[in-house]
Amino acid sequence: MTQADTSLSPGTEAAELPDPERLLHMYRTMVLIRRHEERVNELYLQGKIPSTLHLYIGQEAVATGVCANLRPDDTVLSTHRPHGHALAKGMEPRKLIAELFARATGCCRAKGGSMHVGDVSVGMLPAIAIVGANVPIAAGVALAAKMQKTDRVAVCFFGDGAANEGAWHEGLNVAAIWDLPVIFVCENNLYAASTPVSLAFKIENIADRAAGYGMPGVVVDGNDVLAVYRASRQAIERARRGGGPTLIECKTYRLCGHSRSDPRTYRSREEEAEWQKRDPIPRFRQWLLAEQRFTAEQLDKVDQEVEETIEEAIAIASSSPEPQVAELYTGVFKDLS
Amino acid sequence: MARMSIAEALRQAIREEMRRDERVFCIGEDIGIEGGFGGAFTVTLGLSDEFGHERILDTPVSETAIAGVAIGAALAGMRPIADVQYGDFLFCMMDQLANQAAKLRYMSGGQVSVPLVMRAPVGATARGAQHAQSLEAFFCHIPGLKVVAPATAYDAKGLLKSAVRDDNPVIVFEHKLLYGSKGPRSERGALSPIGEVPEEEYLVPIGQGIVRREGKDVTIVAKLLMMYRALAAADILAEQGIEAEVIDPRTLVPLDKELILASVRKTGRLVIAEEDNLTGGWAAEIAAIVADEAFIWLDAPIKRVSAPDVPPPFAPLLEREYVPNEEKIVAAVLSLF
Ligand SMILES: Cc1ncc(C[n+]2csc(CCOP(=O)(O)OP(=O)(O)O)c2C)c(N)n1
Ligand SMILES: [Mg+2]
């Protein structure tokens, strides 16, 4: 076991920290995402889940820190790596897992699959697997919130890779010129599939691009859930007040392969070990203990509850019915069945 | 003769053309990264060892740039082989292909030409609606693009080499379940045919179809994966005393129309099988040509066996209903007798 880095969120004022209830909820969300991803990966490797999976292991602090500031009526737009965003936005694990199992009880009735999970009842739009395509759509969701004179915001998660799509640039620009209430959250995990950021960018920080569009750009330690919480809180409050969009770059790392059985031969085990030390979950746990916010027993209890939730969701999903073949032909249009 | 998969045959074609002509280079995402995948389906695996990263050019996740850069380089005397990881992402570069590559020669009064090869994997593999489409018809519809669709290792190598030497833009559609990609990039449920490929140099000319099985009672026209399902259907039909002739067009534009017409004049019946959606599809075009030019030879209506007019679903059970199979082809043939 490597020693976890406990230097969480330097410079955070006590007043800026979440209250105890929210802190515990954030811890729970991170553990829930981690256990979900570990378990569905096992089931995938056993052949019980079809298709492919893009896992969120290592990036839990990003979705958790951002979504801890959101209301149910705010909207999250996601990517091919959406499970963490969905759980952090409040989607029920049983609906998510049933979708991965291709069961009729899945959040998208088994028509979407891993890369398209979503549940609009909790503000999680079905995820979009075309890299960068969710960025202008997020601007559109934010435009609607503005036109409807609400203070809802849209949060658009995407990877470092997406920042090199043309759609990304168009989306950021219109969000800026129209002061749209949208927060662009770049999860810079240093790779787009096998491609390292060093081959895809001439600049150090993707957040620097914000200046080119006239919006604030912020860089945060994406493995520090409190730093993510604080940065996104500011951006979200600003957006709610009509202050316009923000680009937040979260520096993070996926502690797993890109998809399915990726042998990860394009990066070194030493680099992985370095990032393993910064695993956001032990870091947060040790901070919570060191600050005497919670006891180990209290946190272990959360771990145990998460374990039960996931196992129950798997049991329900695996005993749920597959869709009827006739479902293939329904649901293309709203007015026709 | 050497026996190999389609992925290996494509790799050999690229290797030979790059050795022969130093203007030839590859451009795409994750194609030459050290320790990477060799593209989504291993076709370019190992090529950067021989040709270096200048000629196996890794791009950011930027499809418009891939197509645009390839077009520009082609205009200026190079011979790019571009690729997308999934055919669905062709839509991200559609302006470059449809408005630029296809039209520059014509609208310049023949001053310029665009000797570009664009490789794209098609076919449904349980990944949901954005990683599954068969897009052949879209591209056949655009004057100025040649379109090929090899279904065997022999044709893959010979047609890709011809495409590289062609002075026009050529779209090469490859089927994910036919590649025979190995290791972590292998595909569950793949057909992965192994084929014989001559040791000596050869080309398969663009514009020539082939009779895969001779028969006198009905003509079945099918490409890519559907060609194999048509052959399986022909086996079943033979047991029932119906001799089906199976035609693989191999090139879609320009189409070897005479081969199809000659077959229909012999059999008097036509079924076209495709994984594309039905409406406005490729099979519809074949049907129109035969209705127009061989109507008096027909003894029965023309039947299309296509994917229904719905997006590709995720659930394997629904996908099996979506993608036409040998039973559906057999049923279509039997309905003509
Ligand atoms: C338009 C488009 N191009 C390519 C892909 C294939 N693809 C899927 S994930 C991925 C890498 C994306 O990297 P990044 O945006 O950094 O997200 P990460 O996978 O690191 O979470 C690529 C190239 C795609 N899904 N969509
Ligand atoms: Mg990334």
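These numbers were taken from a predicted model, which means no experiment stands behind them. In what follows, every chain begins at residue 1, and chains take the letters A, B, ... in the order their sequences are listed.
Of the possible polar contacts, one joining the B:Asp58 side chain to the B:Ile33 backbone as a donor-acceptor pair under 3.5 Å is found.
Heavy-atom pairs under 4.5 Å with chain B were tallied for A:Pro263, A:Ala167, A:Pro323; the largest tally goes to A:Pro323. Your options are A:Ala110, A:Ala200, A:Ala133, and the one with the most heavy-atom pairs under 4.5 Å with chain B is A:Ala110. Put simply, of A:Lys111, A:Glu165, A:Gln324, the one with the most heavy-atom pairs under 4.5 Å next to chain B is A:Glu165. Listed options B:Pro311, B:Cys92, B:Pro184 were ranked by heavy-atom pairs under 4.5 angstrom with chain A; first place goes to B:Pro184.
The structure places CZ of B:Phe41 at 12.0 Å from CG of B:Leu10, a figure rounded to the nearest 0.5 Å. In this structure, the separation between CG on B:Leu57 and OG1 on B:Thr44 is 11.5 Å, given to the nearest 0.5 Å. The CZ atom of A:Phe157 sits 14.0 Å away from atom CD1 of A:Ile128, with the distance rounded to the nearest 0.5 Å.
With contacts defined as side-chain heavy-atom distances shorter than 4.5 Å, the pair A:Leu55/A:Arg254 does not qualify.
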For this session: Decide yes or no on side-chain hydrogen bond (donor to acceptor under 3.5 Å, both in side chains) for B:Glu327 and B:Asn325, but give the supporting numbers first.
Result: CA-CA 6 Å; B:Glu327 288 81 44; B:Asn325 55 22; 3.2 Å; yes

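In summary, the aromatic rings of A:His83 and A:Tyr56 are positioned with their centroids too far apart to meet the 6.0 Å limit. Note: B:Phe25 and B:Phe51 fail the aromatic proximity criterion, with ring centroids not under 6.0 Å apart.
For A:Val131, the part sitting under 4.5 Å from any heavy atom of chain B is the side chain, from C-beta outward, and nothing else. There is no contact between B:Arg320 and chain A, counting heavy-atom distances below 4.5 Å. Contacts of B:Asp30 with chain A are made by both backbone and side-chain atoms, with heavy-atom separations under 4.5 Å. B:Arg127 touches chain A through backbone and side chain together, each having a heavy atom under 4.5 Å away. For a residue to count as touching a neighbouring chain, one of its non-hydrogen atoms must lie under 4.5 Å from one of that chain's; by this rule B:Tyr322 touches chain A with backbone and side chain alike. With a 4.5 angstrom heavy-atom cutoff, B:Ser62 touches chain A via backbone and side-chain atoms both. Residue contact with chain B, scored on non-hydrogen atoms closer than 4.5 Å, involves the backbone of A:Ile49 exclusively. Both the backbone and the side chain of B:Glu63 come within contact range of chain A, with heavy atoms under 4.5 Å apart. Using a 4.5 Å cut-off between heavy atoms, B:His131 touches chain A through its side chain atoms alone. B:Glu34 touches chain A through its backbone: at least one of N, CA, C or O sits under 4.5 Å from a heavy atom, while the side chain does not.
Ring geometry for A:Trp168 against A:Tyr213 counts as perpendicular: the plane angle is over 60°, on a 0 to 90° scale with 30° as the lower cut.
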